[in-house]
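Excluded from the calculations below are hydrogen atoms, water molecules and symmetry mates; all remaining heavy atoms, backbone and side chain alike, are included.
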Amino acid sequence: MRKLFLLVVIVMAAITASAQEGIYLGGGISLWRNNDVDKTSFSITPDVGYNLSEKWAVGVELAYTHKGYDEDYKVSTNAFALAPYARYSFYENKIVRLFLDMGFGFSTYKAKHADSVNGFEIGVKPGLAVKLNDNFSFITKVGFAGYRDDYYRGEENGFGVGLDGENISIGIEYEF
């Protein structure tokens, strides 16, 4: 786990050091404490991409999630995911940009004292970017439409559309 995190940091530093116009870095973090069951969870999801044109970009999202249960069962879960995507921006004005992230993701997660589970997803995530200044944007992705099989996010297997609160991500993006 430490080696993978170190690799991610080195790759992000190398990309930043050789940054050219069109490259963006972003992502999000989450931290949640449930006092009722004495459970702490967190995730970190860095994102890096390249703008091919005003309408198209390609990128990849990495994810690490830890869910810990400190009560009777003493079960903790760790998950890693890699999700490349193509981003199509279909509307943009001076402040707001609407886009679709179309891609697939591979994940592996393991609960303590259990076998690891590998999964995947393929689908579309609609998103909204609000420009804060020349370099920073507030990014949110709302929902998912596609197919998932044992993907680390824990939704049921199968296909469909989900626009509930569990399918919302919020983050910041920095464009060089």
Worksheet item: Can Phe136 and Tyr174 be said to form a ring-ring contact (aromatic ring centres under 6.0 Å, His included), step by step?
Response: CA-CA 5 Å; Phe136 285 97; Tyr174 178 80; 4.9 Å; yes
Worksheet item: When you look at Ile139 and Val130, which way does the side chain to side chain contact (heavy atoms under 4.5 Å, CB included) test go after all the steps?
Response: CA-CA 7 Å; Ile139 300 286; Val130 177; over 6 Å; no
Practice prompt. Carefully, step by step, assess Asn118 and Asp150 under the rule side chain to side chain contact (heavy atoms under 4.5 Å, CB included).
Written response: CA-CA 7 Å; Asn118 298 318; Asp150 290 332; over 6 Å; no
Worksheet item: Can you list the steps and then say if Val117 with Thr108 is a side chain to side chain contact (heavy atoms under 4.5 Å, CB included)?
Response: CA-CA 6 Å; Val117 177; Thr108 184; over 6 Å; no
Discussion item. Between Ile23 and Glu175, does the side chain to side chain contact (heavy atoms under 4.5 Å, CB included) criterion hold? Intermediate values first, please.
Written reply: CA-CA 6 Å; Ile23 293 178; Glu175 185 172 338; over 6 Å; no
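Residue Phe42 places its CZ atom among more than 12 non-hydrogen atoms of other residues, nucleotides or ligands, all under 6.0 Å distant. More than 12 heavy atoms of other residues, nucleotides or ligands lie within 6.0 Å of CG in Leu52, so this atom counts as buried by the packing criterion.
Between Tyr151 and Ala83 the shortest heavy-atom distance is OH-CB, 4.1 Å. Pairing each heavy atom of Ala129 with each of Phe99, the nearest pair is N-CE2, 3.9 Å. Summarising the geometry of Lys94 relative to Lys131, their closest heavy-atom pair is O-CD, 3.8 Å, with the distance given to 0.1 Å.
Residue Ser76 holds its OG atom at 11.5 Å from NZ of Lys39, rounded to the nearest 0.5 Å. Between the NZ atom in Lys67 and the OG1 atom in Thr77 there is a gap of 7.5 Å [rounded to 0.5 Å]. Here the CG-CG distance, from Asn93 to Leu98, works out to 8.5 Å after rounding to the nearest 0.5 Å.
Contact of the Asp101 side chain with the Val124 side chain is not registered, since no non-hydrogen atoms from C-beta on lie closer than 4.5 Å. When side chains are defined from C-beta on, Val60 counts as touching Leu82, because their heavy atoms get closer than 4.5 Å.
Listed for the Ser107 side chain is no donor-acceptor partner under 3.5 Å among the backbone atoms of Phe80. Asn133 contributes a side-chain N or O that, together with a main-chain N or O of Asn135, makes up a donor-acceptor pair within less than 3.5 Å. No donor-acceptor pair under 3.5 Å is formed between the side chain of Thr140 and the backbone N or O of Ile170. In terms of modelled atom types and a separation under 3.5 Å, the side chain of Ser43 and the main chain of Thr65 share no donor-acceptor contact.
Checked for salt-bridge contact, Arg87 and Glu54 miss the test: no charged N lies under 4.0 Å from a carboxylate O. Salt bridge annotation for Glu173-Arg97: present, with a cationic side-chain nitrogen under 4.0 angstrom from a carboxylate oxygen. A salt bridge does not link Lys110 with Asp115: none of the charged nitrogens is closer than 4.0 Å to a carboxylate oxygen.
A continuous path of ILVMFWY side-chain contacts below 4.5 Å connects Phe138 to Val48, so both sit in one hydrophobic cluster. No path of Ile, Leu, Val, Met, Phe, Trp and Tyr side chains, each step under 4.5 Å between heavy atoms, connects Met102 with Phe106, placing them in separate hydrophobic clusters. Follow the hydrophobic side-chain contacts under 4.5 Å out from Ile44 and you never reach Tyr24; the two are in separate clusters. Both Tyr50 and Leu100 belong to a common hydrophobic cluster when Ile, Leu, Val, Met, Phe, Trp and Tyr are linked at side-chain heavy-atom distances under 4.5 angstrom.
Between Phe90 and Tyr88, the ring planes lie parallel to each other; the angle is under 30°, not in the 30° to 60° tilted range.
Using modelled atom types, one finds a donor on one side chain and an acceptor on the other under 3.5 Å when comparing Asp47 with Tyr85. A donor-acceptor contact under 3.5 angstrom links the side chains of Asn78 and Tyr64, judged on distance only.
For the side chain to side chain contact (heavy atoms under 4.5 Å, CB included) test with Phe120, the passing option among Phe104, Tyr147, Tyr152 is Tyr147; the others fail.
Annotation: cation-pi pair Lys55/Tyr91 absent, no NZ/CZ under 6.0 Å from the ring centroid and within 45° of its normal.
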